[in-house]
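The chains referred to below are lettered A, B, ... by the order of the sequence lines, with proteins before strands, and numbering in each begins at 1. Since we're looking at a predicted model, the values are computed, not measured.
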Amino acid sequence: MTVERTGCGLPRAADAGETMTIFGWVDRRRDHGGLIFLDLRDHTGILQVVINPQTAAAAHQAAHAVRLEYVLRVRGQLRTRDPHNVNPRRDTGEVEMYADECQVLSIARTPPFPINEDTEVEEALRLRHRYLDLRRPRLQRNLRSRARFISHLRSVMGEMGFTEIETPMMIRATPEGARDYLVPSRLQPGSFYALPQSPQLYKQLCMVAGLDRYFQIARCMRDEDLRADRQPEFTQLDIEMSFVDEEDVFAVLERAISSAWSASGFRGTIVTPFPRLTWHQAMDRYGVDKPDVRFGMELRDLTDAVRGSSFRVFADAVAGGGVVKGIAVPGGADLSRSDIEGRLTEVVRTFRARGLAYLWHRQDGWQGGIAKFFSEAELAAIGEIAGAAVGDAVLMVADRPPVVAASLGALRNQLARERAMADPEKMAMIWVTEFPMFERDQETGEVTPLHHPFTMLHADDVDLLESEPLRIRSRAYDIVLNGRELGSGSIRITDPAIQERVFAVMGIDAQTAEGKFGFLLEAFQYGVPPHGGFAAGIERLVMEGLGEENIRDVLAFPKNQQAQEPMTGAPAPVDVAQLAELGLTVSPTPPATQT
RNA sequence: GGCCCCGUGGUGUAGCCUGGCCUAACACGCCACCCUGUCAAGGUGGAGAUCGUCGGUUCGAAUCCGAUCGGGGUCGCCA
């Protein structure tokens with residue numbers, strides 16, 4: 001635009017005396033009638049401009065009409081401020097520009113929400129004017145930190161000998177897993193590409209190709225419902241490695257994340273190696289497969305302690321094959337009956353628990369509606385096992401094991417939030433290993449892989465394939481940070497015989513497997529190295545690194561909960577002609593969605 | 001698909017439970033004027049919302065009820 005341009009945030013006292021030109025947006029304007037002060041903002045920061053009507057009459061006249069968010073070019077001399085005029089809260093606070101020229105490059109309507117501060121604004125309005133939201137300090141910071149983090153990841157991966165490879169965005173639809181986004185083919189009417197849910201198969205083929213160590217900052221698309229940490233398109237650090245086992249994969253991820261983390265200035269410190277929990281340990285102790293281990297309050301099994309009690313709810317549950325578990329809430333004796341029976345019971349009800357039992361451990365003994373059903377010995381045992389001290393409360397759920405785990409796990413997280421039990425500066429990164437290979441689909445009753453069908457089984461469990469598939473442990477693992485799943489991976493199956501048996505358990509016969517994954521199985525016949533890998537969600541990492549609660553705030557152009565982008569209006573209907581070219585027609589009324 | 005929360009000038013909130021004193025309040029922003037050292041500038045004055053929408057209850061509705069729309073969170077879903 002011009003030969004010389006100085007960033008607004010860059011000038012320092014040492015630059016005083018220089019004449020320079022700055023470009024930027026008006027962040028604030030203070031008109032004293034005579035002097036006008038303008039704070040000019042660009043991506044580097046903010047510089048105060050002083051416009052004096054006596055020394056720069058034309059500039060002053062121009063500045064008189066200037067409003068917030070006008071785009072200006074200002075030329076003038078940089079001067080140091082008198083000591084009593086220094087603004088210590090700003091990097092450029094020791095200097096200011098004395099304007100000679102002030103040129104309005106673009107006027108601006110009054111913005112729909114404040115740009116120069118981070119006030120809470122309704123999500124719909126922010127998304128509709130995303131370019132203005134992105135102009136605000138918080139999102140500027142977030143996007144820059146995200147970029148730095150990715151940049152560091154790239155260089156660490158390079159240092160470790162990984163090759164960055166781009167895999168196709170238009171691929172064959174995979175029947176497994178999340179719903180695909182489809183792309184109709186013009187040249188093959190009636191046929192569709194799918195957008196990748198992940199580059200899974202391609203990266204495994206890269207291993208067959210002898211690339212040895214693959215990585216990609218990969219865009220992934222999944223047509224599923226959105227959450228605070230889930231968008232339909234997102235980015236993963238995707239990794240695959242040949243001739244490795246879990247330890248090699250863990251070491252790579254630990255180094256990549258921890259070094260990029262600190263280099264990016266993210267909050268807290270990542271300590272390596274990450275502690276490990278098996279899936280069973282996580283479920284037993286925390287009730288969830290992604291435990292937040294920054295605080296205790298672990299689930300304790302009270303089944304034996306209450307088996308013989310006269311409290312029918314517990315006794316019946318145990319007799320019916322259920323379990324009774326509880327958590328000791330530190331200082332929980334201050335929880336009121338209405339706290340527990342209202343808000344907290346609501347939490348466990350969400351997970352289909354029928355109720356929440358509670359006992360207060362007070363100075364004068366055990367209290368609470370159900371205390372009378374237990375003997376002194378039983379109460380003592382409950383307190384002992386739960387680890388409840390005087391002043392605590394024990395909250396208990398009796399039900400089928402999955403219901404108990406899920407409801408108490410959620411309750412534990414809820415209480416930790418309410419009572420600020422987790423150190424916000426602590427970064428509790430852990431590996432959760434030995435996930436089950438299969439789970440039973442609640443609707444169809446089919447056995448489906450928890451991770452994906454190419455996940456290798458635990459060596460000791462292979463014999464259970466046909467007899468008790470649901471008990472098989474896999475060689476799949478997750479990284480969990482502060483209770484949030486950051487990503488997952490596995491060692492893959494490379495033995496065709498085992499792969500065939502896994503498909504069989506899933507009800508996929510050889511012919512079907514050939515049709516769906518034939519290319520992979522064929523590739524494996526030409527010499528496949530043992531391999532494994534991982535995929536880590538970039539947005540979730542950045543969220544934790546910046547302390548953001550919502551994935552939209554670490555993405556430039558996110559979608560709303562309806563997967564729409566209010567700014568551009570995507571998705572939108574298309575011309576009939578465009579459809580015709582693709583051999584498509586749209587039903588006038590959408591067919592009833594299958595549930 | 002279920003459940004929960006929110007919806008009041010441009011922005012953020014108060015008022016709503018306990019209907020009338022609301023001719024809807026406050027802060028910021030906006031407009032005009034005054035003001036030569038402010039930096040969340042200051043002063044004076046002003047414009048701006050019939051309370052998401054529709055319907056109902058009532059003598060009377062921002063306030064109560066129902067429906068609906070929009071936003072968010074969550075369960076299901078996310079190999």
Side-chain angles (χ1 to χ4, degrees), chain A residues 27-40 46-55 60 67-69 81-82 84-90 92-93 96 98 109-129 132 174-180 197-198 200-201 220-232 234 343 346-352 406-407 410 414 435 437-439 441-443 446-455 474 476 485 488 490 502 506 516-517 535 537 549-550 552 560-562 564 566 592-595:
Chain A
D27 193 66
R28 287 212 151 79
R29 175 177 185 278
R30 293 174 293 280
D31 187 343
H32 286 232
L35 289 182
I36 295 177
F37 297 93
L38 297 178
D39 290 341
L40 208 64
I46 293 176
L47 181 65
Q48 172 166 284
V49 173
V50 187
I51 301 169
N52 189 325
Q54 293 185 333
T55 60
H60 187 267
R67 293 294 181 270
L68 296 187
E69 301 306 319
R81 303 192 192 184
D82 292 339
H84 62 277
N85 280 331
V86 164
N87 183 349
R89 289 182 302 157
R90 194 159 278 169
T92 59
E96 60 197 359
Y98 268 68
R109 294 164 60 180
T110 301
F113 50 83
I115 307 298
N116 52 18
E117 56 187 60
D118 281 321
T119 49
E120 294 286 322
V121 178
E122 197 184 325
E123 199 66 38
L125 193 65
R126 293 176 59 189
L127 291 176
R128 179 165 171 67
H129 300 279
L132 294 179
T174 52
E176 315 290 328
R179 265 185 291 273
D180 284 318
Q197 299 171 25
S198 87
Q200 183 62 36
L201 298 176
C220 303
M221 294 80 175
R222 296 179 188 174
D223 187 4
E224 296 293 346
D225 288 356
L226 290 79
R227 288 287 186 282
D229 60 0
R230 262 164 44 186
Q231 280 274 307
F234 58 100
R343 195 176 73 252
E346 238 2 86
V347 172
V348 298
R349 284 241 167 85
T350 308
F351 295 86
R352 306 219 177 99
S407 55
Q414 171 69 26
F435 273 70
M437 181 71 196
F438 300 104
E439 64 186 341
D441 189 296
Q442 291 300 320
E443 286 165 19
E446 289 170 1
V447 173
T448 59
L450 210 68
H451 187 52
H452 60 57
F454 316 109
T455 304
S474 74
E485 180 197 327
S488 56
S490 64
V502 167
M506 295 167 55
K516 287 177 172 173
F517 308 110
E549 307 257 290
N550 197 291
R552 289 185 300 268
N560 68 13
Q561 200 165 52
Q562 280 62 245
Q564 299 163 320
T593 43
Q594 295 184 347
T595 47

Do the side chains of A:R126 and A:E120 get close enough for a salt bridge, i.e. N-O under 4.0 angstrom?
no
Work out how far the C1' atom of B:C26 is from that of B:G15, and round it to whole angstrom.
11 Å
What does A:L125 touch in the nucleic acid at a heavy-atom separation under 4.0 angstrom: a base, only the sugar-phosphate, or nothing?
sugar-phosphate
Side-chain N or O of A:Q564 versus OP1/OP2 of B:G71: is the shortest distance under 4.0 Å?
yes
Taking any strand in view, what nucleotide pairs with B:G42 in a Watson-Crick or G-U wobble way, both distances under 3.5 Å?
B:C34
Identify all pairs in which a protein N or O lies below 3.5 Å from an N or O of nucleotides 4-7 of chain B, and state each distance.
none

Expressed in whole Å, how much space separates the P atoms belonging to B:C3 and B:G19?
28 Å
Under-4.0 Å side-chain N/O to phosphate OP1/OP2 contact, A:R28 with B:A41
yes
Closest to the side chain of A:F113, out of B:G12, B:C30, B:U11, is B:U11
Measuring from the side chain of A:D31 (C-beta onward, heavy atoms only), which nucleotide among B:U74, B:C35, B:C39 has the closest atom?
B:C35
With sugar-phosphate meaning primed atoms plus P, OP1 and OP2, does A:Q54 contact a base, only sugar-phosphate, or nothing at under 4.0 Å between heavy atoms?
base
Under 4.0 Å between a side-chain N/O of A:Q562 and OP1 or OP2 of B:G72, yes or no?
yes
Under 4.0 Å between any heavy atoms, over every strand shown, what does A:R67 touch: base, sugar-phosphate, or nothing? Just pick one.
sugar-phosphate
When every non-hydrogen atom of A:P453 is compared with those of A:M506, the smallest separation belongs to CB-SD, 3.7 Å
I'd like the P distance from B:A67 over to B:A49, given in whole Å.
31 Å
For A:F454, which residues count as a ring pair (Phe, Tyr, Trp, His ring centres under 6.0 Å) partner, sequence neighbours excluded?
A:H452, A:F517
May I ask you to say what A:T448 touches in the nucleic acid, namely base, sugar-phosphate or nothing, with a heavy-atom cut-off under 4.0 Å?
nothing
Would you please determine if the base of B:A41 is stacked by A:H32, with stacking meaning a centroid separation under 5.5 angstrom and planes under 30 degrees?
yes
Under 3.5 Å, is there a donor-acceptor pair between the side chain of A:R81 and the main chain of A:G93?
yes
Just to be sure I understand the rule, does A:E122 reach a base, reach only the sugar-phosphate, or reach nothing, if contact means heavy atoms closer than 4.0 Å?
sugar-phosphate
If B:G48 has a Watson-Crick or G-U wobble mate with both distances under 3.5 Å, name it; if not, just say none.
none
With sugar-phosphate meaning primed atoms plus P, OP1 and OP2, does A:S198 contact a base, only sugar-phosphate, or nothing at under 4.0 Å between heavy atoms?
base
Whole-Å C1' distance, B:C5 and B:C16
16 Å
Any base atoms under 4.0 Å from A:F351, or only sugar-phosphate, or nothing? Heavy atoms, all strands.
sugar-phosphate
Does A:R29 have a side-chain nitrogen or oxygen under 4.0 Å from the phosphate oxygens OP1 or OP2 of B:C30?
no
Using atom C1' of each nucleotide, how far apart are B:U68 and B:G46 to the nearest Å?
38 Å
In A:D27, A:N87, A:L47, the residue satisfying side-chain contact (heavy atoms from CB on, under 4.5 Å) with A:D39 is A:D27
For nucleotides B:A62 and B:C35, find the distance between their C1' atoms and express it as a whole number of Å.
41 Å
Could you tell me whether A:D225 and A:R230 have a side-chain N and a carboxylate O separated by less than 4.0 Å?
no
Identify the nucleotide, in any strand shown, that forms a Watson-Crick or G-U wobble pair with B:G7, with both distances under 3.5 Å; if there is none, say none.
B:C69
A:N52 side chain N/O closer than 4.0 Å to the phosphate oxygens (OP1, OP2) of B:U36?
no
Ignoring the backbone of A:R179, work out which of B:U38, B:C77, B:G72 is nearest its side chain.
B:C77
Taking all non-hydrogen atoms of both residues, which atom of A:P112 and which atom of A:L125 are closest, and how far apart?
O-CD2, 3.9 Å
Taking all non-hydrogen atoms of both residues, which atom of A:D180 and which atom of A:D223 are closest, and how far apart?
O-CB, 4.1 Å
Just N and O in the side chain of A:N116: are any of them under 4.0 Å from OP1 or OP2 of B:G29?
no
I want to verify a distance call: between B:G73, B:A40, B:G71, whose nearest atom is closest to the A:R89 side chain?
B:A40
Per A:T110 side chain, nearest of listed nucleotides B:A41, B:G72, B:C30
B:C30
Given B:A32, B:G72, B:C78, identify the nucleotide with an atom nearest to the side chain of A:E224.
B:C78
Taking the C1' atom in each of B:U57 and B:C69, what is the distance between them to the nearest angstrom?
23 Å
If you measure from the P atom in B:C75 to the same atom in B:C65, how many Å do you get, rounded?
28 Å
Taking B:U11, B:C39, B:G76 as options, the one with an atom nearest any side-chain atom of A:R227 is B:G76
If you only use heavy atoms from C-beta on, which nucleotide in B:G73, B:C77, B:U38 is closest to the side chain of A:R230?
B:C77
What nucleotide among B:C78, B:G72, B:C39 has an atom nearest to a side-chain atom of A:A178?
B:C78
Determine: side-chain N/O of A:Q561 to OP1/OP2 of B:G73, distance under 4.0 Å, yes or no.
yes
Is the phosphate of B:A41, meaning OP1 or OP2, less than 4.0 Å from a side-chain N or O of A:R30?
yes
Closest non-hydrogen atom pair, A:P53 against A:L35:
CD-N, 4.1 Å
